[in-house]
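For reference, the structure is listed below as structure tokens.
Within every chain, numbering begins at 1; the chains are lettered A, B, ... in the order of the sequence lines, protein sequences first and strands thereafter.
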There are 2 protein chains.
Amino acid sequence: MKILAHPTREQLELPTVLDCLGDPTRLAIVHGLAQHERVGTELRCGNFSGVGAKSNLAYHFGRLRETGVIRVRIEGTARYISLRREDLEARFPGLLDAILAAAARDVDRLALADCTFTAPANETPQAQSSRA
Amino acid sequence: MKILAHPTREQLELPTVLDCLGDPTRLAIVHGLAQHERVGTELRCGNFSGVGAKSNLAYHFGRLRETGVIRVRIEGTARYISLRREDLEARFPGLLDAILAAAARDVDRLALADCTFTAPANETPQAQSSRA
DNA sequence: TCCTAAGTTCAAAATCTATTGAACAATGAG
DNA sequence: CTCATTGTTCAATAGATTTTGAACTTAGGA
């Protein structure tokens, strides 16, 4: 089992993060992650669709991870994705929230609709509430 | 005398703006503009240096204008530049401030130092103090 | 008028990005 | 073991980005 390389909090760079989120596909992924956070379950790479070939999805997730926007945890053959909210907030206060709020407001304007995900039922062991 | 095309406030797009500011050179320009705002004088394109050839500066200013990040006012042969703070704030609340604050905090880390400007003495008619 | 300063536009080059399909690796199930 | 699932890596490609120098425009003096 491999552990993927992530930049440390201190290594996060502003232009890199902005550039990373400037891509509509990646912004859509991050928006989707943020929207899904309240559900409590974790999303896998494969939950996302509408981004083209599988290899393209891997490419964008790679970029999001290398940039430090998301964290990727390997478990079996699956990779669970989460937003690095605390790290981003510590380095760039208010930035992620402003971006997510703007993305949420513009959701129909962006190509965000192209990137959707099918939410998992109750795949992660730790996080499911009593009612579905 | 020409008037340059600017997107309207409503036409500002989040991915476009993020992508535009994801470039270190343009981020440096915008940071410089914001830093200079308190002085009260307007900056021209030519006040900036360290960005390479003149045509490259024109390229980046063109991009910033088309994206809606800056406004460019022509006066004679000079072009006066200003940040579109209100428009950006209206469309993406908190975004510009978060970016500028982060850029200011990371100022020595970024290549911002490469892009400097020589502030004008008292070129704009409305804003000059008594001291030279 | 002629000159200069400010900035643009164009074409070319070097580089980077996004996308795809095919082949590959790793894990868990039957 | 065998097989399907999950996702990666590779090579190729099409397109976008950044950068440069040279030629050009425009306005304001001397």
* To do: Would you mind reading off the distance between A:Asn47 atom CG and D:dG7 atom C1', rounded to a whole angstrom?
  => 13 Å
* Working to the nearest 0.5 Å, report the span between CD of B:Glu13 and CZ of B:Arg91. => 6.5 Å
* Which sits closer to the 5' end of DNA chain C, B:Ala78 or A:Thr77, going by the nucleotide each is nearest to? -> B:Ala78
* Between atom CG in B:Leu64 and atom C1' in D:dT18, what is the gap in whole Å? -> 14 Å
* Could A:Glu42 and A:Arg79 be called an ion pair, given the rule that one side-chain N must be under 4.0 Å from one carboxylate O? -> no
* Nearest-angstrom distance from the residue atom CZ of B:Phe61 to P of D:dT18 -> 15 Å
* Asked: Once you round it to whole Å, what is the distance between C1' of C:dA5 and CD of B:Glu75?
  -> 15 Å
* From the options C:dT8, C:dA6, C:dT20, select the nucleotide whose nearest atom is closest to the side chain of B:Arg44. => C:dA6
* Calculate the interatomic distance between A:Phe48 atom CZ and D:dT6 atom P; express it in whole Å. => 15 Å
* Structure fact -> Note: for A:Leu57 and B:Ala58 on DNA chain C, the residue whose nearest nucleotide lies more 5' is B:Ala58
* Between D:dG7, D:dT17, C:dG7, which nucleotide gets closest to the side-chain atoms of B:Arg63? -> D:dT17
* Structure fact -> Winner on side-chain proximity to B:Ser55, out of D:dT20, C:dT8, C:dT19, is D:dT20
* Between C:dA18, D:dT20, C:dA6, which nucleotide has the shortest distance from any of its atoms to the side chain of A:Asn56? -> C:dA18
* **Residue B:His60, side-chain atoms from C-beta onward, closest of C:dA6, C:dT19, D:dT19** => D:dT19
* Asked: When you measure from the side chain of B:Glu89 to the backbone N and O of B:Leu96, does any donor-acceptor pair fall under 3.5 Å?
  -> no
* Would you mind reading off the distance between A:Leu4 atom CG and D:dG7 atom C1', rounded to a whole angstrom? => 11 Å
* Structure fact -> When every non-hydrogen atom of A:Asp87 is compared with those of A:Arg9, the smallest separation belongs to OD1-NE, 2.6 Å
* To do: With the side chain of A:Asp19 defined as its heavy atoms from C-beta on, choose the nearest nucleotide among C:dT17, D:dT19, D:dT9.
  => C:dT17
* To do: Have a look at B:Tyr59 and say if it touches a base, only the backbone sugar-phosphate, or nothing, with a 4.0 Å heavy-atom cut-off.
  => base
* Could you tell me the separation between the CD1 atom of B:Ile29 and the P atom of D:dT18, rounded to a whole number of Å? => 11 Å
* **Closest to the B:Lys54 side chain, choosing from C:dT8, C:dG21, C:dA18** => C:dT8
* Out of D:dG7, D:dT18, C:dA18, which has the shortest distance to the side chain of A:Cys45? -> D:dG7
* Given atom CZ of A:Arg26 and atom P of C:dA18, what is their separation to the nearest angstrom? -> 4 Å
* Asked: Just by distance, do the side chain of B:His6 and the backbone of B:Leu4 share a donor-acceptor pair under 3.5 Å?
  -> yes
